[in-house]
Amino acid sequence: MQSETSARQWDGTLSPNDFNSSVAAFCERWKEVNDSLPQWLWEPFPVVGDSSCNAAGYLTMENVYHQNASEEVSHEESILGDEDLCDDATLVQSCGKDDIHVYDYHIVYSFNFRVPVLYFRGYRLVYAKRRGGGELSSFLLPDFPKSTMQALKKYSPSEISLHASKKDCWVSIHGKVYDVTTFLEDHPGGEDVILHASAGGDATQAFDDVGHSSTAIIMMEGYVIGTVEGHVAVDEPSKPVSGLQRLQRKQPPPSYNFSDFLLPLLVLGSAFAAWYYLNFYSVPKA
Ligand code: HEM
């Protein structure tokens, strides 16, 4: 436990190992006080390189949804299975009678800002009767706030292109800028492909052509530093690809996708840091 003096000197950032130990404590505490709510789970990143961080990964809580009382969608009809309903803190109003909004939350450690960041992706499930049949089908629609990206710093393509070396490597993918310098050695696909993509300008196509998994897409959010100035989102966000799909490239796409991957809504840093502060710093000495 830190003294009050050191708490006052704390600059609000965490080391990767602080993050790991605090999220473990956070999960435990969440379980104790929110037993009836969906639980946070630790999802490890693929073991790669010679990482200084001994337990890299992120926290995940998925399929959090609220069902309107008026909607009589039965357990069998729900494609979500029997996940717990969330409370009002995560309530999202549905637009239509048959809609359900679903959120996936991820807490990722930002290696560049040294704070935990909360990302979420949201989508709306729309239930529609199949023509000529009574069964319900579903598909996903994008449902993201447009203001999300405005909080991030904007970089011009020419500024981004100045950072294409092993010691200072930025890539732009789908309008966002990632400083992947510290990740190069750990990249499962090798550092050369990223360096090559960085030097070649926008890396969106190269990134998508590989068919990165959803873990990779969540992981990359830990390296975001800003957005590309003037970027117009005419293209779709990266579509996560499962391990099986990577092995079977000819397999048809899934009936739904997470291409509507929602990017940072809030920097959880402040909330999480407050929590961390209250738990690890502000408790007066006995
Ligand atoms: C922040 C940026 C990036 C992150 C976090 C990232 C992460 C990953 C991860 C976790 C994997 C393991 C497979 C998977 O889970 O999908 C992977 C594989 C790979 N990545 Fe990336 N990647 C990034 C950028 C790029 C870029 C710009 C390229 C450019 C071509 C690239 C090319 C590859 C290749 C070739 C593989 C190997 C694929 C395979 O063996 O099937 N990655 N990456």
Side-chain angles (χ1 to χ4, degrees), residues 16 19 41-60 62 104 106-119 121 149 152-153 155 157 160-228 231 235-251 253-254 257-259 261-264:
F19 172 71
L41 298 174
W42 175 258
E43 187 72 40
F45 286 149
V47 180
V48 279
D50 214 6
S51 178
S52 55
C53 178
N54 48 21
Y58 62 94
L59 279 184
T60 172
E62 300 194 347
D104 294 342
H106 301 114
I107 300 178
V108 181
Y109 180 73
S110 168
F111 290 91
N112 293 310
F113 298 119
R114 297 174 61 81
V115 291
V117 180
L118 171 69
Y119 293 92
R121 55 190 178 196
M149 303 286 269
L152 290 166
K153 189 170 173 188
Y155 295 98
I160 298 165
S161 68
L162 298 175
H163 306 265
S165 70
K166 201 170 168 178
K167 289 191 174 161
D168 178 21
C169 181
W170 294 7
V171 286
S172 58
I173 299 170
H174 286 293
K176 286 200 292 175
V177 184
Y178 302 86
D179 180 345
V180 289
T181 314
T182 56
F183 176 62
L184 283 176
E185 281 185 15
D186 295 336
H187 181 231
E191 55 185 24
D192 289 345
V193 283
I194 297 196
L195 282 169
H196 186 72
S198 170
D202 189 84
T204 303
Q205 192 66 48
F207 182 85
D208 283 357
D209 286 350
V210 171
H212 284 82
S213 66
S214 66
T215 301
I217 291 172
I218 293 165
M219 190 176 186
M220 71 197 279
E221 300 313 332
Y223 298 92
V224 169
I225 53 167
T227 58
V228 181
H231 173 78
D235 48 357
E236 291 187 331
S238 302
K239 292 178 180 154
V241 171
S242 71
L244 185 62
Q245 281 174 304
R246 271 199 300 283
L247 292 172
Q248 304 171 336
R249 282 304 177 96
K250 288 177 186 162
Q251 191 174 307
N257 62 63
F258 286 107
S259 64
F261 189 62
L262 183 61
L263 299 177

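Start at 1 and go down the list; that is how both ligands and their atoms are numbered.
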Exercise for the section: Considering the heavy atoms of Ala216, write down every atom of ligand 1 situated less than 4.0 Å from one of them. Expected result: 5 (C), 7 (C), 8 (C), 9 (C), 10 (C), 15 (O), 16 (O)
Problem - Ligand-residue contact atoms, ligand 1 with Ala206, heavy atoms, under 4.0 Å - result: 29 (C), 30 (C)
Fill in the blank from the handout: One should read off an interatomic distance between Thr182 OG1 and Phe111 CZ, to the nearest 0.5 angstrom, of 6.5 Å
Handout entry: Side-chain heavy atoms of Val177 within contact of His163, under 4.5 Å
Key = no
Completion exercise
So for Phe45 against ligand 1, with non-hydrogen atoms under 4.0 Å, the contacting part is neither
Practice task
Name the option, out of His212, Met220, Gln205, that contains the heavy atom nearest to atom 17 (C) of ligand 1.
Solution key: His212
Handout entry: Sub-4.0 Å heavy-atom approach of Val193 to ligand 1
Key = yes
Exercise for the section: Taking Asp179 for its side chain and Asn112 for its backbone only, find out whether a donor-acceptor pair lies under 3.5 Å. Expected result: no
Handout entry: Atom indices of ligand 1 within 4.0 angstrom of Met219 heavy atoms, with elements
Key = 10 (C)
Practice task
Would you mind telling me if ligand 1 is within reach of the side chain of His196, the backbone, both or neither, using heavy atoms under 4.0 Å?
Solution key: neither
Handout entry: Minimum side-chain heavy-atom gap Phe207-Ile217 below 4.5 Å
Key = yes
Problem - Within-cut-off N or O pair, Tyr178 and ligand 1, under 3.5 Å - result: no
Handout entry: Close side-chain approach of Met220 to Ile173, heavy-atom, < 4.5 Å
Key = yes
Problem - Gly189 neighbourhood, listing ligand 1 atoms whose heavy-atom distance to it stays under 4.0 Å - result: 18 (C), 19 (C), 34 (C), 36 (C), 37 (C)
Handout entry: Ser198 (side chain) donor-acceptor with Trp170 (main chain) under 3.5 angstrom
Key = yes
Exercise for the section: Give yes if a backbone or side-chain nitrogen or oxygen of Tyr223 is under 3.5 Å from a nitrogen or oxygen of ligand 1, and no if not. Expected result: no
Exercise for the section: Within a distance under 4.0 Å of any heavy atom of Ser213, pick out the atoms of ligand 1 and give their elements. Expected result: 14 (C), 15 (O), 16 (O)
Handout entry: Tyr109 side, atom OH; Leu59 side, atom CG - distance, nearest 0.5 Å
Key = 14.0 Å
Problem - Heavy-atom check, side chain of Lys176 versus side chain of Glu221, under 4.5 Å - result: yes
